[in-house]
Amino acid sequence: MPDRSVFLLLFIFLLVILPVPSEAVKDYLFKKCDQSGFCHRNRHFANEILEQGDSYQPRYSIDLATLQIDDQSGTVDGILLKQLNDGTYVDLSLKIAVITDHSLRLTVDEIDRDVRVGGNVTTPVNKVRYNEASTWAFDGKDPKQLKFTHELQSDSLILHYGDYNAQIQLYPFKISLSYKGAEQLIVNERSLLNVEHYRTKVSEDDANSNDVAPEESTFGSYSDSFKDSKGDTLPLGPESVALDFGFVGYNHVYGIPEHADSLSLKDTTDGEPYRLFNVDIFEYPVQDRYQMYGSIPFMVAVKPGSSAGIFWVNSADTYVDIKKNGEEDMVDERKIIIENSSRSSSSSVQTHWMSENGVLDVILMVKDTPAEISRAYGSLTGYVSLPNMFSIGYHQSRWNYNDEKDVLDVAGNFDSHMIPCDAIWLDIEYAEGKKYFTWNKDAFPNPERMEAKLNETGKKLVAIIDPHLKTGYSVSDGVVKERIAIRNADSKDAYKGHSWPGESVWIDTLNPRAQLFWNKQFANGSQLMGYSTNLHIWNDMNEPSIFNGPETSAPKDLLHYGNWEHRSVHNLFGLTYHEATYNSLIERNSHIRPFILTRSFFAGSQRTCAMWTGDNMARWEYLRESIRMCLTMNVAGFPFAGADVGGFFHNPDMELLVRWYQTGIWYPFFRAHSHIDSRRREPFLLDEPYQDYIKEALLLRYKLLPVLYTQFYKASQTGLPIMKPIFYDSPEDVGSYSIDDEFFIGDLLVRPVMEENQTRVSVYLPDEKRYYSFFNLSTSLQGKGEHDDVEAELDQIPLYLREGSILPTKQRYRRSTKLMTYDPYTLYVVIDSDGHAGGDLYIDDGESFDYRDNEDHLYLSLSVEKGKTISSKVIKGDSAKPFVASLSRTKVESIVLVGAKNVGSTVTVHQGGKSWEAEVLREAPGIVVIRNPKMSINSAWTVEI
Ligand code: NOJ
């Protein structure tokens with residue numbers, strides 16, 4: 001017998017010689033912080049300063065003599081001085097304003113930058129710092145400014161407004177923001193403010209340069225040494241902005257998507273910062289801080305008693321370092337928070353934000369709860385718009401359905417297997433030679449006919465339109481001719497790069513003329529759209545993804561409308577593109593709510609589209625990651641989020657696929673999609689029992705659509721997440737701060753099973769409430785801020801209804817949401833120990849803008865009082881409006897009542913001045929069902945129990 005070491009050697013030998021299937025991100029394509037000029041320089045700067053400690057002499061101060069304080073308009077203007085080596089200063093403009101929701105906005109810019117750049121730069125590039133990120137991010141208007149009172153002293157200025165004090169220290173420049181008497185946020189706490197003012201290359205190379213401080217580095221200031229971006233002309237040299245913010249007493253920060261990481265963000269001290277830079281990241285890794293397809297530079301912190309937010313309004317390449325000074329240990333967390341909050345001089349989470357260029361524009365928010373932070377952020381950038389109802393149903397996609405027959409067969413198979421489905425998707429192969437706005441007529445000879453057929457069962461078609469336009473056909477020729485393409489750095493010609501169709505140009509949707517051109521492509525009678533009203537659009541590859549471009553995207557020195565460098569607008573290009581599509585669809589038919597799915601996004605994208613998390617893999621870790629990513633999107637104000645169900649790359653086994661559907665039904669955007677090389681896996685193709693398990697999950701989604709749609713309505717009014725991290729509803733419960741494998745939708749607590757071979761899972765039950773198993777209302781668990789182990793066989797989804805809630809559902813199978821419009825409701829009512837329960841329900845026609853333009857909608861408050869009456873009150877809605885009036889035919893067909901005492905065999909129903917009896921059935925101890933109480937949903941009613 002050979003000894004074991006021989007086997008070991010053989011094993012090692014095989015490991016070395018056998019090719020390992022490549023499945024990792026091609027990280028050599030992407031810059032690390034130390035390969036990126038501005039990130040390298042700012043981290044270097046930070047390290048130098050932090051090493052010097054108290055002996056460091058900060059360079060930034062406010063010039064007291066220049067301060068103009070206007071209490072009435074809520075603004076402070078002045079000059080921020082940046083001291084150079086020789087003791088002279090660069091003047092920067094400083095503006096501090098108290099804005100909507102008592103947020104504090106700080107803006108810093110270089111004064112007369114274009115004059116100083118002058119003739120040094122002869123290209124047409126715009127020489128001022130980019131200052132329009134807020135125009136794109138904000139919801140169409142400048143935030144209101146609020147009054148304050150102030151105290152000015154020789155070394156500081158204090159602003160008082162509402163429950164807030166902003167103490168602005170003049171030298172060194174620093175702001176401490178307090179709320180209700182407690183310090184919350186410190187701006188420039190560690191003196192990492194850095195505004196790289198314009199300087200010429202000559203002075204940079206000079207060792208005695210006055211422009212470069214000893215603590216600064218000049219790495220990558222005028223040239224880029226990274227292999228794929230060596231061609232970057234960097235015409236304006238170094239121009240980064242950076243600043244640090246300390247969160248006082250906080251241990252958890254969230255947000256800044258898009259990253260495939262945990263919900264609670266990690267300390268980055270020993271690794272890469274989180275990067276915000278929109279790229280097409282092939283085979284992205286999970287639990288990582290890599291840049292991804294979209295960016296929202298908004299961070300939220302939570303602790304008992306308050307919540308804080310930082311919105312860094314910048315659309316350039318951005319890195320964020322996080323340093324956590326409190327320990328992460330959950331057991332001791334309560335203690336740590338108390339300790340931290342008693343220390344006022346330094347913060348417990350320190351963050352360092354670095355952007356490649358643009359003005360410094362940041363908004364600070366502090367409120368009592370994370371929900372209020374969501375509202376404040378949404379009041380600036382807009383709330384998610386109320387979606388077309390079909391778009392929160394189930395979407396079936398793959399790359400690609402081949403032809404008209406294929407599309408109609410897939411749709412028909414859903415129907416014949418009685419599995420609901422709302423949309424079939426067409427990926428890039430439907431267009432002739434991937435020339436968007438055309439059809440491959442051999443495969444799709446009559447798109448109108450196909451769409452009409454889908455429409456028979458209320459199904460929609462969603463087709464892809466990417467921003468790369470193949471050179472040499474009418475659409476791209478038009479873009480070039482009208483000079484609305486993204487241009488080369490010299491501004492002369494349209495930039496040409498490679499994407500799916502081969503050589504392409506990119507429409508520059510920052511240009512208002514591009515909008516007019518885009519409208520024409522989508523107009524009625526154009527090739528793509530025909531006259532159909534059930535075609536919606538998928539905007540992919542809008543980072544923009546460019547196969548032969550640096551970091552798979554556009555060279556940073558390309559020019560956009562206004563001669564802004566791509567460098568300045570990179571992270572918001574995707575938003576301009578999907579907004580242009582949205583506007584075109586509205587232009588074409590202002591009656592129907594357009595649905596658009598985007599891959600790339602920026603702050604504000606939530607107003608016009610849904611997003612998904614791109615090219616994931618059919619692996620368990622990607623299933624788990626999908627929930628963390630969707631939760632993060634919800635925290636960052638963009639709740640209409642989902643992930644490819646089943647995984648984009650590879651083929652899931654049946655267990656993974658079942659679990660993925662059971663998880664995917666909770667994504668606000670719910671679509672199965674897969675790669676062109678993947679095997680077909682539409683639910684109707686699967687063997688039993690898996691098909692049945694998936695069908696049950698899908699039916700559950702459809703039953704709960706009234707809940708989901710109501711949550712969308714609330715999100716559209718208040719910015720509240722739709723998939724809520726546990727801490728949103730229990731922000732005092734520090735034990736919930738790191739939980740990212742479960743969440744609430746309304747009052748439903750969901751803990752999807754996302755581990756292989758699992759038949760039991762651990763569920764965290766937050767507050768003091770009881771949680772009733774949705775599938776067996778006779779069993780419940782007591783919430784106490786601890787985990788409980790529960791059964792979770794492959795056909796089970798751990799799902800709980802919180803006591804004191806009322807849940808509206810629709811129970812009938814239909815082929816699509818459209819066909820459910822007038823279906824009756826079943827209400828689940830779980831009465832708490834005080835005899836109360838409450839809930840709400842929003843209803844409108846689900847597809848038009850009449851809810852907005854004609855106020856043709858209904859918002860109901862449902863409640864149980866003292867265990868004696870169940871009632872519905874109309875909070876908003878007018879029964880004379882056509883759709884609301886038509887709802888008189890929609891009845892409540894059943895009420896499942898948990899926790900009601902002494903209910904007789906009948907109950908009395910009152911509605912519209914009439915009364916009648918309804919029968920009561922006893923289901924199980926403590927559970928009764930009121931059968932067919934028959935009240936119409938569109939006016940107030942009461943049931944006496
Ligand atoms: C990349 C997208 O992420 C993927 O979903 C799509 O199928 C391919 N592009 C082809 O269009």
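When reading the values below, keep in mind they use all heavy atoms of this one structure, side chains included, and skip hydrogens, waters and symmetry mates. In listed order, ligands and their atoms are each counted from 1.
- A donor-acceptor pair shorter than 3.5 Å can be found between the side chains of Ser584 and Gln515.
- Residue Trp399 has no nitrogen or oxygen atom sitting less than 3.5 Å from a nitrogen or oxygen atom of ligand 1, judged on distance alone.
- Using modelled atom types, one finds a donor on one side chain and an acceptor on the other under 3.5 Å when comparing Tyr436 with Asp466.
- Backbone and side-chain nitrogen or oxygen atoms of Asp644 are examined, and none is located within less than 3.5 angstrom of a nitrogen or oxygen of ligand 1.
- A donor atom on one side chain and an acceptor atom on the other are not found under 3.5 Å apart for Tyr577 and Glu579.
- Close approach of ligand 1 to Phe648 (heavy-atom distance below 4.0 Å) involves ligand atoms 4 (C), 5 (O), 7 (O).
- Partners of Phe277 under the ring-ring contact (aromatic ring centres under 6.0 Å, His included) rule, at least two apart in sequence or in another chain, are His570.
- Note that Arg671 lies in the cation-pi zone of Trp425, set by a 6.0 Å cut-off to the ring centre and a 45° limit from the axis.
- Among Asp427, Ile281, Leu426, the residue whose heavy atom sits closest to atom 10 (C) of ligand 1 is Asp427.
- Looking at ligand 1, you won't find any N or O of Arg671 less than 3.5 Å from one of its N or O atoms.
- No part of His675 comes within 4.0 Å of ligand 1, judged by heavy-atom distances.
- Using 4.0 Å as the threshold, Trp538 has a heavy atom nearer than that to some atom of ligand 1.
- Of all the atoms in ligand 1, the ones that sit under 4.0 Å from a non-hydrogen atom of Ile464 are 11 (O).
- Note on ligand 1: Trp612 sits in its first shell, one or more heavy atoms being nearer than 4.0 Å.
- Among residues two or more places apart in sequence or in another chain, the side-chain hydrogen bond (donor to acceptor under 3.5 Å, both in side chains) test is passed with Asn511 by none.
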